[in-house]
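First up is the structure itself, then whatever we jot down about it.
In what follows, chains are A, B, ... by sequence order, proteins preceding strands, each numbered from 1.
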Amino acid sequence: MAGFDYLDANHLRTGHCCMKLSDTIAHVVFEIALDREFDYKIPVHLLGKVGAGCIVQAPFGERVLHGFVVKTSNSSSFPSLKELQDVVPEKLFIETPLFKLAQWMSSYYACPLGLVLKSMYPSYLRKTMRNAHAEYISLNKNKEDVIRYMDTLRKRAKRQLDVLEYILQKREVFFEMDALCAAVGCDNNAVERLIKKELLARITEDELVKRDSRLDRYKYVTPINSITLNLDQQRVLNQIEAALDSREFVPFVLHGVTGSGKTEVYIRSIQRVLERGQQAIMLIPEISLTPQTEERFRKRFGNVVSVFHSRLSDGARAREWKKMRDGKAKLVVGARSALFAPFSDLGLIVVDEEHERSYKQEESPRYHARDIAVLRAKLSNIPVILGSATPALETIYNVYQGKYTLLKLPARVDDRQLPEVILVDLAKEVREEKKWVVLSVPLKQKISDRLDKGEQVILFLNRRGFSSMAVCQQCGYIYECDDCSITLTYHKSVERLMCHFCGKMITKPVFCGKCGSSEIKFSGIGTQKVERALKAVFPEARVLRMDSDTTTHKDSHFELLTQFRRGKADVLIGTQMIAKGLDFPRVTLVGTIIAESTLCLPDFRAAETTFQLLTQVAGRSGRGEIPGEVVIQTFMKDHPAIVCALQHDYDRFVEGELKARKELLYPPFYRFINIIITAKDKKKGQWAGTQIAQSLIKTVSKGTEVKGPLPSMVHRKRAHFYWHVLLKTNDVFGTNEAIKQALSKSTRFTQVRISVDVDPYYMW
DNA sequence: AGCACGCCGACT
DNA sequence: GTCGGCGTGCTC
Ligand SMILES: [Zn+2]
Ligand SMILES: [Zn+2]
């Protein structure tokens, strides 16, 4: 999110990969939270075989660990060096550009290099690579024979039946023994019996590889392009192709309205790359990585596509990774982690929906995949495409700065009708109804209409955060911090409103600061209340509620949506914007109970996020014959985020929002670094936070601001207390150095956990 | 981060 | 007497 204006080559200078034959010392990092290198002697039989990027086995204390060689040299300040034990096969080396990427990430995101490498290069690979004769299981008979056999087996051997059923329903052909047993929930026995009966066969890794290449499955075949590009698409593609052919780093921002055919541009660009014999990476947000998306790429590019989903088994992941390294897979489609695909001649990276927050990893290393995509492109000297209907402010700001090249697709490729958007002014409703009701008259009417017609409705309310704001029930005024323009949160224990950004507190107001009314509520409304209001008016309506109460386990979210899709309910109430709402064929109405629930989140990006969401909803054409309707209830009908979204005026929104960010010195004009402090003991955490903040105030460079420690919004969670120290800076590398010092020199903090988040999205 | 070492309380 | 709690400190 920081955008990419910080390529500072100084941070990339270490770690030349050339192996010096004469070097006798290896400097190694391990996959542990220890930001240190350890030196080892290179034994005679490994001389010349060890260089930066190698993975080695080394004795470490009582254990033997895998580590990454950072560099080699001829000296070490450590007196009693141990010797390296082994080097893993050459095929597993980390290539220089990726290694440099890791080093940059380590210093920018303040994360030990070993942990960065761990997340780029998952350890399961080594496990499967190490036993080169790993065994796989596959069917030994054709499906019909197996099914016939299954009938004779019925009931007698439940486990064996389970195994066969599992294999039949999967699209994969080869299964690892352990993974298979675990997935089915049986032991090796059932599988072994099936092998004895010659229904299943055992295949070794080597055979699998041989068979795979013999089949010639991985040849790139030029796809047939059935879709004709329009003039805009052709113009954009020409520019991208020029950059591809000249092999230069060009960061493109592809700003295309919903339905303008961005994906087709991606596909043609990728096609060009593959034709040149190079490889490509296509990043897609996790939620959009559906089987349909996968199919779209497979149809076009066939077997050279590798898909990285989060739910792939370790074995499957390792296999995909190897396919890429061996040059069999030439395009990887995936979420964040696909960015580290081990391609030897990468030609292009595409980041679709680049404004999506899910590109930020919310655990260490807390990197932003979009920014790292730009960096990888820079290091590989290739173009990168950042596509979105609503590019992030950080991204468009880089366009204005002349750092990124803007490409526009202003028109839709189809002539589908956009949904009609109706704004309901809640202030007017309150005047007429004498009180604030959850469902306004126009919304009620429209719901009633859909229920009569047997069509479906989705209602949306972002409960997160809205529950703790101080809201006037008469005029809708929401208290915010005078200094920071951030919504204040109500804290019951102290009866005060607090700004979690600067720490300012005010006493709980009695009268509304805008209209003088005494009806200020601090509880907000939740989905249950919406459900009750709905039931009161439409007692016979079938309602599904989708929130943290009803979606307790992983798949319940998906299950609820499936139920709704199948028409098991008339109304769905959700806590997260289901932007694709109108993609449900029978949904013709999407209602936002109160836009403030996202617009007034205590987050300086709240307006931007709301604009993105509304643009998405208002831009969806829907699948049905009838163009849908979108109802937005709000007290803030004139807010730019709402007005601009409805008028499809991205430029105006950005202009205003950038101005506001500049005034308040927020990103993209400054960068934040958040230091999160966690402790069971309140005093210990408070003390650690204070120590860190005080140390930083002294050591940090001029122009860097230090705030805190402030209690986090959810100060207490799962028996732990949370604080944050917030830094505002323009020198991330320098500030990170200061943080490193502050965390190491001051007497070590016991029973306190500290983590650093650079360019954070969630700051409290 | 792990893992050993070490120093106190409660069990065989 | 020893088993086990986890505080402290080290790992090339
Ligand atoms: Zn403030
Ligand atoms: Zn008011």
Side-chain angles (χ1 to χ4, degrees), chain A residues 14-15 19-20 22-47 49-88 99 102-103 105-107 109-127 361-367 675-685 687-688 691-692 719-721 736 739-757:
Chain A
T14 47
M19 295 187 196
K20 288 193 210 97
S22 56
D23 280 353
T24 53
I25 307 293
H27 308 267
V28 178
V29 291
F30 296 100
E31 294 183 354
I32 50 181
L34 253 181
D35 205 3
R36 282 181 50 193
E37 289 172 9
F38 293 87
D39 304 346
Y40 288 87
K41 271 191 283 195
I42 302 171
V44 183
H45 70 282
L46 294 179
L47 279 175
K49 289 181 180 172
V50 178
C54 287
I55 296 164
V56 290
Q57 264 190 334
F60 189 70
E62 303 295 303
R63 318 172 267 173
V64 175
L65 295 181
H66 286 280
F68 302 91
V69 176
V70 179
K71 61 175 186 247
T72 58
S73 76
N74 272 310
S75 65
S76 168
S77 54
F78 197 78
S80 50
L81 294 175
K82 289 186 185 174
E83 281 194 344
L84 291 180
Q85 278 184 6
D86 207 354
V87 189
V88 302
F99 200 77
Q103 290 180 312
M105 286 169 69
S106 170
S107 80
Y109 291 110
C111 176
L113 181 59
L115 292 185
V116 174
L117 289 164
K118 185 186 178 185
S119 77
M120 278 178 52
Y121 186 93
S123 48
Y124 52 73
L125 260 172
R126 281 198 308 269
K127 279 181 219 144
Q361 181 150 67
E362 291 297 347
E363 60 189 53
S364 189
R366 296 167 175 267
Y367 66 93
I675 304 172
I676 305 148
I677 297 140
T678 316
K680 261 190 174 165
D681 185 304
K682 203 170 178 176
K683 274 186 194 151
K684 277 181 181 155
W687 186 80
Q691 290 297 305
I692 293 166
H720 286 271
F721 290 95
N736 279 346
I739 293 172
K740 223 175 170 178
Q741 302 260 309
L743 297 186
S744 64
K745 75 157 192 224
S746 52
T747 31
R748 265 206 281 322
F749 310 111
T750 55
Q751 294 163 322
V752 177
R753 272 202 47 194
I754 296 155
S755 85
V756 179
D757 190 356

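What separates NZ of A:K82 from P of C:dT11 is a distance of 9 Å, to the nearest Å. The separation between A:Q751 atom CD and C:dG5 atom C1' is 13 Å, rounded to whole Å. As a whole-Å value, the separation of A:I32 CD1 from C:dC10 P is 15 Å. Computed from coordinates, the A:F38 CZ to C:dT11 P distance equals 8 Å when rounded to whole Å. A:K684 places its NZ atom 12 Å from the C1' atom of C:dC6, with the value rounded to the nearest Å. One interatomic measurement links the two molecules: CZ of A:F30 to P of C:dC12, which rounds to 8 Å at whole-angstrom precision. One atom, CZ of A:F60, and another, P of C:dT11, lie 9 Å apart when rounded to the nearest Å. Put simply, CD on A:E83 is 13 Å from P on C:dC12, counting in whole angstrom units.
From the 5' end on, the contacts that DNA chain B makes with chain A at under 4.0 Å to a non-hydrogen atom open and close at B:dA1 to B:dA4.
Within the 3.5 Å criterion, the main-chain N or O of A:K683 finds a donor-acceptor partner in the side chain of A:D681. No donor-acceptor pair under 3.5 Å is formed between the side chain of A:S364 and the backbone N or O of A:R366. A:T24 places no side-chain N or O within 3.5 Å of a backbone atom of A:I42 that could act as its donor or acceptor partner.
At the heavy-atom level, A:F78 lies under 4.0 Å from base atoms of the strands shown. At a threshold of 4.0 angstrom between heavy atoms, the contacts of A:P79 with the nucleic acid are absent.
In this structure A:Q361 satisfies the side-chain hydrogen bond (donor to acceptor under 3.5 Å, both in side chains) test with no other residue, sequence neighbours excluded. For the ring-ring contact (aromatic ring centres under 6.0 Å, His included) test, no residue two or more places apart in sequence or in another chain qualifies with A:Y40.
Note on ring orientation: taking the six-membered ring where Trp is involved, the planes of A:Y121 and A:F68 are perpendicular (angle over 60°, cut-offs 30° and 60°).
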